[in-house]
Each structure stands twice: as structure tokens, then as C-alpha cells.
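Have a look at the structure below, then the notes.
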Amino acid sequence: MKAVLNDLRNMQALRGPSSSREYKVAERRLFRVQHESEIGEGGPLTVRQVIQLLKPDDSVGWTIIKQRLLQNRVDAIDSLSKEDRARVMFQRVYGIGATKAERFVQAGFLTLEQLRDACLERAQRIGLEHLDDVECLIPRSESEQWREILLDVFHTVDPQLGAELLGSFRRGDHYSSDLDFVLFHPSVVDMRIPRPSDPNKLDANPLASELLTAVVAELTRRNLLADKLLQHGPLAVKGLVRLPDPGAKARRFDLNFAPFNRRAFYTLAKTGDSDLMMHMRAKARARGWALNEYGIGPANENGSAWTENVLEATDERQIFQFLGVPWLEPEERSFAIYAPRLRITRS
DNA sequence: AAGGATAAGAACTTGG
DNA sequence: CCAAGTTCTT
DNA sequence: TCCTT
Ligand SMILES: [Mn+2]
Ligand SMILES: [Mn+2]
């Protein structure tokens, strides 16, 4: 099972974001088996369990299992040259994409072991260090723990600081790859504010930045961070947290600050899934609008809706209605459910 | 009739 | 400082 | 399947 999950992760890296959806689905369905055997439930893995988890329509999942079990070989991966295999492996490390993977291969690195000796950026070093932990999916029960902990952290920093856990957690998935927190504060209404000395330049809202920094300080004080941060900007933070339990895994988390009066747009954007966001934004664009996490408005030359919002949405439903997309509950926002309903055909 | 649809933004690195 | 390129996020 | 060429 470990080998099969590894194959599915390699296939995701190999195929890229556009055509790896089915491999991701299969990984999420099968991860449950490994997780339950790790925590001592479920006993030995049976064919019946796999048949229950993997639906008949999951052809790519079945193909990988068949090849790995019967031949101990997956054609798409094992037929690659050692250089191509290295490119695929390297892209599984946080901070290494196609370009930088290629650069490392050109520099002569062929395995993750060798990559440890390469000159890595800070985030890449952290990504390599915690690769195994980060690839493990987060069971919903642990996400719920983190929601309690982080909401308390935010409240400690400022009682007016509100937050929600979005992404796959809000979509109701049983397992998540990371924890997507969105933060909001009644005094943070605009994310970009004109600079007093030069009103043409926009600076990030200083209160949002201060609150975000204070949250990081509180996470540090409580010893919840598993490593240095991957990113720390004025509006967004990416990093790794770990529960104080022995054997706990490092988990990827994101903090994103949302403008208080645009929470409906922000909630929609960060709930996803990403395919649905692309679809809705494409639909907006086809109608001459530009939709992003801050609103919807006439597209400027930059293609952004920053200038002015034309829909004062207080609820996600208003955005669906505006675009003529049938309403989807958060739990319905996965490609397999809405694709037939919205008549999207995409390989 | 055939054929193409598929977004937008934050943060970092590097080079001037 | 600024712009381009890269990566990551839904 | 739907809109554009
Ligand atoms: Mn997520
Ligand atoms: Mn995330």
C-alpha cells in the first residue's frame, strides 16, 4: 500500500496540476487504509477493504494497484530515465517546480539523498526535511483539533480576530492535505491602502500584517511550529505545525487575511475546489467581469477586479446567482459531483 | 460543421 | 526600488 | 454540451 501511494504521488507530480485530478482522488480514497493500519485499527489489509474504498469508476487507481501488485512495476513511472524519475521526485518537494527540478538534475543530482547536499532555499530545505510528514493526509479529527487550537490562538492575540477553517475541511473531506485558515477583523476592511507619501502606490494593510505577526509569535510561544515558516508576507503565512503528542506529524497550514466586508468572496475562493474556482472565474470572464477573492468587477487592463466591486455579496449564494451557476453546498464542491451538473467536460 | 473552452493573486528569488 | 520568473494556493 | 469561428 505504501508503494501504491508513492506511485500515485509520483503520477500527480508527473502529470502536473491539469491532469492529475484522478490520481489525487485515488490517493485520498486509499490513504485511509494506511492511516487506520498505522493507528492499529482495521487489522490486515484485505481486498474487500480496497474494493470498498476504491470505486469501480476509479480506473487510474485500479491500474496502478494492478501493475504494482502483479508486476511490482508501474509502466508510467518505471519506464522513465533516471533523470526523469529525479525530476518527478524533486517536484514533490515544497518549493521545487519544473524549472528548479530541471536545474538540479542538470547539476547532477539524481536522488533526494543527494539533494540534501545541494544549495537549497530555506523553504526547499524545510520541504525536503518534512517531505514524508507533509505528504501524509490529515484526518478530519485532527483538523478539528487544530481548529480549536488555532481559534484560541487567534482569540488570545485579539478577541476581535475571527477565523474559519476552509479548503477541503469545509468541503467535508475525510482527509485534508493542509489546514486553510482565513482570518478577518472588523478594522481590516481594505487589504491595500494608498501610501501617504505617494497615493499611487499601494501598501498592505498594516493592521493585518501586525495581527499576522502576532499570531506567529503566539504559535511560537506555544511551541506549535514544527519548523521555521515557509513564507511570511504581510497578508499570508505558510508553515508547518505539529501537535505536542509523541509521534505527531508536521502539518502544512496557511493563514490568509481577508477583508472584513468581502468575506463571502474570500470564503468562496478559499473553499474551492480549485477546478470550481477556475470554472466560475472563467464564466465571469466570459461575461466581461473579473472575479477574485475580493469581489467581482469590470476587468481592468491588468485583468484584475481590484478597482471596484459591483456586487456587495454577504453570502456565497449571491455570487453563484450573479454568475448563473446553480448553488452548490460546500460538500458538493468536488469535481466529480459538480462536473456533470455544470456540464463541464475536461480530461 | 468543426473545434476550442479551461483563473487569479501572494510571496519569494534573482538580476538589474 | 523594479520587473521578470518561479512556485504555491483555492 | 455550448459558444465561437
Ligand atoms: Mn488545502
Ligand atoms: Mn492551503
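Naming convention: chains lettered A, B, ... in sequence-line order (proteins, then strands); numbering from 1 in each chain.
An OP1 or OP2 oxygen of dT10(C) is reached within less than 4.0 angstrom by no side-chain nitrogen or oxygen of Thr271(A). Dashed line: the shortest gap from a side-chain N or O of Arg252(A) to OP1 or OP2 of dT9(C) is under 4.0 Å. The side chain of Arg333(A) places no N or O atom within less than 4.0 Å of a non-bridging phosphate oxygen (OP1 or OP2) of dT10(C). The side chain of Thr99(A) places an N or O atom within less than 4.0 Å of a non-bridging phosphate oxygen (OP1 or OP2) of dT7(C). Under 4.0 angstrom from either OP1 or OP2 of dT9(C) there lies no side-chain N or O belonging to Tyr266(A).
Residues satisfying the salt bridge (charged side-chain N to carboxylate O under 4.0 Å, His left out) criterion with Asp7(A), sequence neighbours excluded, are Arg68(A). By the side chain to side chain contact (heavy atoms under 4.5 Å, CB included) test, Arg287(A) pairs with Lys283(A), Trp289(A), sequence neighbours left out. Considering only residues two or more places apart in sequence or on other chains, Phe260(A) meets the ring pair (Phe, Tyr, Trp, His ring centres under 6.0 Å) condition with none of them. Every residue meeting the side chain to side chain donor-acceptor pair (under 3.5 Å) condition with Gln12(A), not counting sequence neighbours, appears here in chain and number order: Glu27(A). In terms of the side chain to side chain donor-acceptor pair (under 3.5 Å) criterion, Asp132(A) has no residue partners (sequence neighbours excluded).
In this structure, CG on Leu8(A) lies 11.5 Å from CD on Glu135(A), to the nearest 0.5 angstrom.
Between the CG atom of Leu291(A) and the C1' atom of dT6(B) there is a distance of 15 Å, given to the nearest Å. In this structure, Arg281(A) atom CZ and dA5(B) atom C1' are separated by 18 Å, rounded to whole Å. Atom pair Leu120(A):CG and dT6(C):P shows a separation of 18 Å (rounding to whole Å applied). Between the P atom of dG9(B) and the CG atom of Leu202(A) lies a distance of 13 Å, rounded to the nearest Å. One atom, NE2 of His279(A), and another, C1' of dC2(D), lie 11 Å apart when rounded to the nearest Å. Across the protein-nucleic acid pair, Lys283(A) atom NZ and dT1(D) atom P stand 16 Å apart, rounded to whole Å. Distance, Asp254(A) CG to dT10(C) C1': 10 Å, rounded to whole Å. The interatomic distance linking Leu323(A) (CG) with dA8(B) (P) rounds to 12 Å, in whole Å.
Using a 4.0 Å heavy-atom distance criterion, Ala98(A) is classed as a sugar-phosphate-only contact. Nucleic acid contact for Leu276(A): none, since no nucleic acid atom lies under 4.0 Å from a heavy atom of the residue. As judged by a 4.0 angstrom heavy-atom cut-off over every strand, Asp178(A) is placed among residues touching the sugar-phosphate backbone only.
Nucleotides dT1(D) and dA7(B) have their P atoms positioned 23 Å apart, rounded to a whole Å. Between dT10(C) and dT6(B), the two C1' atoms lie 16 Å apart (nearest whole Å).
With Arg73(A) contributing its side chain and Gln67(A) its backbone, the two residues share no donor-acceptor pair below 3.5 Å. In terms of modelled atom types and a separation under 3.5 Å, the side chain of Glu332(A) and the main chain of Leu328(A) share no donor-acceptor contact.
Non-hydrogen atoms lying under 4.0 Å from DNA chain B are contributed by nothing in residues 143-151 of chain A.
For residues 177-194 of chain A, no pair satisfies salt bridge (Lys or Arg N to Asp or Glu O under 4.0 Å), with sequence neighbours left out.
In this structure, Leu120(A) belongs to a hydrophobic cluster whose other members, linked by side-chain heavy atoms under 4.5 Å apart, are Met89(A), Phe90(A), Val93(A), Ile96(A), Phe104(A), Val105(A), Phe109(A), Leu112(A), Leu115(A), Leu128(A), Leu131(A). Listed by chain and number, the hydrophobic cluster partners of Val134(A) are Tyr94(A), Ile126(A), Leu230(A), Leu240(A), where partners are ILVMFWY side chains within reach of under 4.5 Å, directly or through others.
Of the listed nucleotides (dA7(B), dA10(B), dT9(C)), dA10(B) has the atom at the smallest distance from the side chain of Tyr294(A).
Side chain to side chain, Gln318(A) and Thr314(A) meet the donor-acceptor criterion of an N or O pair below 3.5 Å. Side-chain N/O atoms of Arg92(A) and Asn10(A) include a donor and acceptor closer than 3.5 Å.
The aromatic rings of Phe31(A) and His35(A) lie parallel to each other, their planes meeting at an angle below 30°, with 60° marking the opposite boundary.
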Dot-bracket encoding of pairs in DNA chain D, which uses [ ] for pseudoknotted crossings and | for another strand, Watson-Crick or G-U under 3.5 angstrom | .||||
Output a table of nitrogen or oxygen pairs between the protein and nucleotides 11-15 of chain B separated by less than 3.5 Å.
unit_1  : atom_1 : unit_2    : atom_2 : d
dA11(B) : OP1    : Pro234(A) : N      : 3.1
dA11(B) : OP1    : Leu235(A) : N      : 2.7
dA11(B) : OP1    : Ala236(A) : N      : 2.8
dA11(B) : O4'    : Gln231(A) : OE1    : 3.2
dC12(B) : OP1    : His232(A) : N      : 2.7
dC12(B) : OP1    : His232(A) : O      : 3.2

Below 3.5 Å between N/O atoms, which protein atoms pair up with nucleotides 1-4 of chain C? Just atom names and distances, please.
unit_1 : atom_1 : unit_2    : atom_2 : d
dC2(C) : OP1    : Lys201(A) : NZ     : 3.1

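Cation-pi geometry between Arg28(A) and Tyr175(A) is not met at under 6.0 angstrom from the ring centre and within 45 degrees of the axis.
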